[in-house]
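Below is one structure, written out as C-alpha cells; comments come after it.
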Amino acid sequence: CLAHNHPSQAARLLSEMVGAVFAATQNLTFLTHALPRLETEYGFFMSHTTHGGHAVEFAVNASFTATLNRFVTALGRPRPESFREDVQTAASLGLAVSAATQLFDDLGAGAETGWDFSSRWFCGNQTQLTQICTSRRIPVDLNAIIVRVERNLADWCSLPGATCQRPAAAYAEAADSRSSAREALR
C-alpha cells in the first residue's frame, strides 16, 4: 500500500492505516519508514500546479486566508478507461473532443473522488452528467481527512528519530487553519 502511484481512496486513508498499525505495534521503525510516503501523499494534495491544483486558497474573511482542497485533474482528454463514454458525453453537449477539456477534466476528477458520478459533483441543481463540475467543489469529507493527516503528521514528526520534510508545528498549524476555515465557511 505504501508504494501506490496514484490518488485513490486508499491513498487518502493511508495515514489512518499507518496509524492503526503503529497503535497496535508501537513499531517506531515502521512509522519512520512510512513518514516519507505520507508526506509525499500530503504533498500531492497540497500542490498548486495543475489547474490551480488540489489546494485552493480561500479568503475566509479580511484577516484570514486558508487552504482547502478539492479534486482536480488535468487530463484534457477522455479518460482511457471510459474513452467512448466521455466522447459521447461531450457529443451530447455538441462539443468536439478538442473543445471539451474542462468536461474531461471534471469527469476525471469525479473518478478520482471514489464517488465517481454522484450528483454531489453536478453544478447547481442539475441532474445530468453533462453538468459535472467536480473541480469547482470543496468537499467536506476530503478536507476532514486531510485535517486528520495533518494532525497525524504533526504527532508523528515530533517523535524521536522521525525525519520529516516539514517541522511538526507546520503540520499542526495547517490542521488548525483548515479546521478554522471549515467552521467559518459552514
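Residue numbers start at 1 and run along the sequence shown. Everything numeric in this text was worked out from a predicted model, so none of it was measured. Every heavy atom of this structure was used, including side-chain atoms; hydrogens, water molecules and symmetry mates were not.
The side-chain heavy atoms of Asn152 and Tyr171, taken from C-beta on, include no pair separated by under 4.5 Å. Side-chain contact check for Leu107 versus Thr134: every heavy-atom pair is 4.5 Å or farther apart. Between Leu38 and Val149, the closest side-chain pair of non-hydrogen atoms is not below 4.5 Å. Side-chain contact check for Asn69 versus Arg178: some heavy-atom pair is nearer than 4.5 Å.
Cluster membership for Val97 and Leu95, using ILVMFWY side-chain heavy atoms within less than 4.5 angstrom, is shared. Leu68 is not connected to Val140 by any chain of hydrophobic side-chain contacts under 4.5 Å among Ile, Leu, Val, Met, Phe, Trp and Tyr, and they are in different clusters. Under a hydrophobic clustering in which Ile, Leu, Val, Met, Phe, Trp and Tyr are joined whenever their side-chain heavy atoms come within less than 4.5 Å, directly or via other members, Phe64 and Val147 fall into different clusters.
When all heavy atoms of Ser179 and Arg151 are compared, the closest pair comes out as OG-NH2, 3.3 Å. Nearest approach of Thr163 to Glu39, heavy atoms of both residues: O-OE1, 4.3 Å. Nearest heavy-atom pair, Phe71 versus Ala109, reported as atom, atom and distance to 0.1 Å: O-CB, 3.7 Å. Considering all non-hydrogen atoms of both residues, Leu75 and Phe104 come closest at CD1-O, 3.9 Å. Across all their heavy atoms, Asp106 and Cys133 have their closest contact at OD2-CA, 3.6 Å. Contact record, Val56 with Arg70: CG2-NE, 3.3 Å, taken as the closest heavy-atom pair.
With rounding to the nearest 0.5 angstrom, the CG atom of Leu35 is 10.0 Å from the CD atom of Gln165. Between atom CZ of residue Phe58 and atom CD1 of residue Ile138 there is a gap of 3.5 Å, rounded to the nearest 0.5 Å. The CD1 atom of Ile146 sits 7.0 Å away from atom CE of Met46, with the distance rounded to the nearest 0.5 Å. Considering CD1 of Ile132 and CG of Asp105, their distance stands at 11.0 Å, rounded to 0.5 Å. In this structure, CZ in Arg120 is found 7.0 Å from OG1 in Thr113, a value given to the nearest 0.5 Å. Here Glu150 contributes atom CD and Asp176 contributes atom CG; the two are 9.0 Å apart, rounded to the nearest 0.5 Å.
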Please evaluate residues Ser15 and Arg148 with respect to the criterion side-chain contact (heavy atoms from CB on, under 4.5 Å), reporting the C-alpha separation (whole Å), side-chain torsions for both, the decisive distance (0.1 Å), and the verdict.
CA-CA 8 Å; Ser15 169; Arg148 184 70 178 153; 5.5 Å; no
Working note: Leu103 + Thr130, criterion side-chain contact (heavy atoms from CB on, under 4.5 Å); need CA distance, chi angles, decisive distance, verdict.
CA-CA 8 Å; Leu103 174 66; Thr130 55; 5.5 Å; no
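No side-chain donor-acceptor contact under 3.5 Å links Arg166 to the backbone of Ala154.
Note: Trp156 and Phe22 have perpendicular aromatic rings, judged against thresholds of 30 and 60 degrees for the angle between ring planes.
Checked against side-chain hydrogen bond (donor to acceptor under 3.5 Å, both in side chains), Glu57 has the following partners two or more places apart in sequence or in another chain: Thr67.
The local environment of CD in Glu173 is sparse, with at most 12 non-hydrogen atoms from other residues, nucleotides or ligands closer than 6.0 Å.
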